[in-house]
Each structure stands twice: as structure tokens, then as C-alpha cells.
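What follows is a short report on a single structure.
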Amino acid sequence: MNKIIRRYVPFMKAGVQNLVVYRLNFLGFVIGGLIYCFVMFYLWKAVFESNGGGMFLGFSMTDMVVYLFLSNTTSQLIFSGVSNEIGEEIRDGSITMRLLKPVNTDLSYMFNELGTALMKVVVLLIPVLAGLEIYRFCMTGTVVFSAVNFLLYLISSVLAYIISFRVNLCFGFIAFYVKNLWGIGILKNSIIGFLSGSLIPLAFMPDGLRVCLEYLPFASMSYTPVMLYMGKYGTYEILFRIGIQVVWAVLLYGLSKLIWFGAIKKLCIQGG
């Protein structure tokens, strides 16, 4: 096990170095997300005020603020750019170098992203959570933070990343067939943003649509971890939601392997 870990640690270090080198790009990404959160804050503030300032579909305005900022942060934390990386490597031919290395292709991509994810936990997640808890204390006058909910959030976020990584890995393998993912990649991100509850909480959807979306893997990417942190689920539902995440993680692992075995036979290098 130690030998395997040592083999992939350099990929993790490369992920950290990549974030440090392109820190302005990361900073712009974070600032853009915060601006989006503040725009949505004023939008939902207007909605709650028009509703009399009380509860709206089980959410208070304080809940909505926590949801907006934590959902955006979670989406950035579990974000996987593996599909873009695969597409770029196929386009310029550099994927042949990765395939020649004595490493598992999936793990080499994953450990590269884990380095970036660890940096995001330190510079993004911890400050946001601290700010949200201070905000909740100021609004309610009591300490709302729950260590149990935080632990559930972390467990769910790990599973969310695995699902996100596998979904994007499957999508990235399409590049073996179409050679360029830029256009359909934008469409993919838009669809996932809606279906995962990042744009609108799934609790606000019509009942039939909400139930359907909650069983899809996309809800497990953002909505489930955030709802766990906010304590919106009972004991049975907590086990059920995490169980859904585990099932999708296993299914997507198998699907990615199946697509990989077919895609590798279609490899055609355009450059390099």
C-alpha cells in the first residue's frame, strides 16, 4: 500500500503546484463564485420579503444564505476538470506519455486533482464555513454549528467528489471518439449545475421532478452534502442519501471502466 501511495504522491504534488502557479486563475474563479452568491442573495432576499419574510418551502432566509454560499463552495471543492484534461491531452497527443507510464490512468488523474482539492479545503472551505457560522450566530443568537453534521458533510463531500470525478471521467473518454469536448462540455456543465441543485435547491422543485432528481447522481454532487450540513435530514434519510451516493460511486466506477476499454481502442492522436 505504501508503495502505491508513494507512486501517486508526485501527481498530488503536481496538483498543488499547478494551483500555486496559476493562483490568479483560481482567485478569479473564487471571486466569480462569490459575486454569483451575492447576486443570488439579493434575488432570494426579494423572494422571501415578498413572502412576508418567513419560511419558504422549509427554508428561512438564513438557511438560504448558508445554502447559497456552501453549495457554491462545495461545487468548487468537488469540481473535476478531468474531462478537459483528457480532451486536451488527446488533442495535443500528450496522452500517449501518460499511457506509457507504469501507473493506473484513473488514479493519476485523481491524485492530481486531490492535491488541488486539499488546497481548496484550506483556502476556501474553512474560511467560508467560519463566515457562515458567524453569520448564523449573529442572526439567531445561538451557536448552530454541529460537529456531527460537519462530519457527515465531509463524508458526503468525499463521495460527491468520487461521483463528480467518475462522471467527468466518463465524459472525458468521449474525446476518444469526437476529439474535441469544448462545446458539449459547456452544455454538460450547465445541465449538471441545474440537476445538482447548485442553481436552485431541489426542495423548491415540483414533487415529482424533485424525487426523480434526488435519485440521479447529480444531486449527490452538491445538494446532499449541503443538506446534511444544514441538518435537513433525519437519521433514516441520512443513511438513505449517503447510501445513494455509495451506489452511484460504484456504478459510475464500473461504467467508466467499461467506456475506457472501448475508448482506448479508438485512440487517434491529432497532434504530438
Side-chain angles (χ1 to χ4, degrees), residues 30 33-34 36-38 40-41 44-45 47-48 51 53-79 114 117-164 193 195-205 210-211 213-249:
V30 172
L34 291 175
Y36 164 80
C37 288
F38 279 108
M40 294 301 293
F41 166 78
W44 285 109
K45 182 181 179 182
V47 171
F48 276 86
N51 193 52
M55 299 292 288
F56 182 70
L57 296 175
F59 279 66
S60 65
M61 186 59 200
T62 301
D63 290 336
M64 199 67 225
V65 171
V66 174
Y67 183 90
L68 286 173
F69 281 86
L70 189 55
S71 177
N72 181 267
T73 301
T74 304
S75 296
Q76 294 191 40
L77 187 65
I78 63 104
F79 173 79
L114 286 178
L118 290 175
M119 290 291 291
K120 289 180 180 179
V121 169
V122 176
V123 302
L124 183 60
L125 178 63
I126 293 177
V128 168
L129 288 180
L132 289 176
E133 290 307 321
I134 293 173
Y135 170 78
R136 289 209 286 185
F137 177 77
C138 293
M139 297 302 295
T140 63
T142 59
V143 177
V144 188
F145 176 78
S146 167
V148 174
N149 290 345
F150 176 65
L151 179 60
L152 290 171
Y153 169 80
L154 292 179
I155 294 172
S156 183
S157 294
V158 171
L159 292 170
Y161 169 72
I162 294 173
I163 292 171
S164 175
L195 297 181
S196 66
S198 295
L199 301 178
I200 303 174
L202 299 185
F204 293 0
M205 302 287 185
R210 174 183 56 78
V211 172
L213 294 179
E214 286 179 346
Y215 279 95
L216 295 177
F218 311 109
S220 296
M221 293 182 186
S222 175
Y223 185 73
T224 297
V226 175
M227 295 294 278
L228 287 171
Y229 182 85
M230 296 174 64
K232 294 294 185 179
Y233 293 145
T235 302
Y236 169 76
E237 199 164 9
I238 288 172
L239 297 175
F240 180 70
R241 298 300 175 188
I242 292 180
I244 289 179
Q245 287 186 296
V246 172
V247 169
W248 274 115

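Computed from a predicted structure; not experimentally measured.
Taking each heavy atom of Leu77 and Ala117 in turn, the nearest pair found is CD1-O, 3.8 Å. Across all non-hydrogen atoms, the minimal contact from Tyr161 to Leu114 is CE2-CD2, 4.0 Å. Here the closest heavy-atom approach between residue Leu228 and residue Ser156 is recorded as CD1-CB, 3.4 Å. Minimum heavy-atom separation, Ile163 to Pro217: CG2-O, 3.9 Å.
Remark: the backbone N or O of Arg241 is not paired with any side-chain donor or acceptor of Thr224 at under 3.5 angstrom. In this structure a side-chain-to-backbone donor-acceptor pair under 3.5 Å is missing from Ser164 to Ala160.
Relative ring orientation between Tyr215 and Phe240 is described as perpendicular, the plane-to-plane angle rising above 60° on a 0-90° scale split at 30° and 60°.
You'll find the ring centres of Phe59 and Phe204 inside the 6.0 Å limit.
Note that CG of Leu195 is 11.0 Å distant from CD1 of Ile200, once rounded to the nearest 0.5 Å. Taken from CH2 in Trp44 to CE in Met64, the straight-line distance is 5.0 Å, to the nearest 0.5 Å. Rounded to the nearest 0.5 Å, atoms CZ (Arg136) and OG1 (Thr142) are 9.0 Å apart.
Using modelled atom types and a 3.5 Å distance limit, the side chains of Ser222 and Thr74 yield no donor-acceptor pair. At a cut-off of 3.5 Å, with distance as the only test, a side-chain donor of Ser60 or Asp63 sits close to an acceptor on the other residue.
Considering Phe41, Tyr36, Tyr135, Phe38 as possible partners of Phe69, the one that fulfils the ring-ring contact (aromatic ring centres under 6.0 Å, His included) test is Phe38.
When side chains are defined from C-beta on, Leu152 counts as touching Ile242, because their heavy atoms get closer than 4.5 Å. Within the 4.5 Å cutoff, side-chain heavy atoms of Leu125 are placed close to those of Tyr153. Proximity of Leu159 to Ser220: side-chain heavy atoms (C-beta onward) are nowhere separated by under 4.5 Å. Counting heavy atoms from C-beta outward, Ile162 and Ile78 have side chains that stay 4.5 Å or more apart.
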From CA spacing to verdict: side-chain contact (heavy atoms from CB on, under 4.5 Å), Leu129, Phe145: CA-CA 10 Å; Leu129 288 180; Phe145 176 78; over 6 Å; no
Tyr229 and Tyr67: CA distance, side-chain angles, deciding distance, side-chain contact (heavy atoms from CB on, under 4.5 Å) verdict: CA-CA 9 Å; Tyr229 182 85; Tyr67 183 90; over 6 Å; no
Glu237 and Lys232: CA distance, side-chain angles, deciding distance, salt bridge (charged side-chain N to carboxylate O under 4.0 Å, His left out) verdict: CA-CA 9 Å; Glu237 199 164 9; Lys232 294 294 185 179; over 6 Å; no
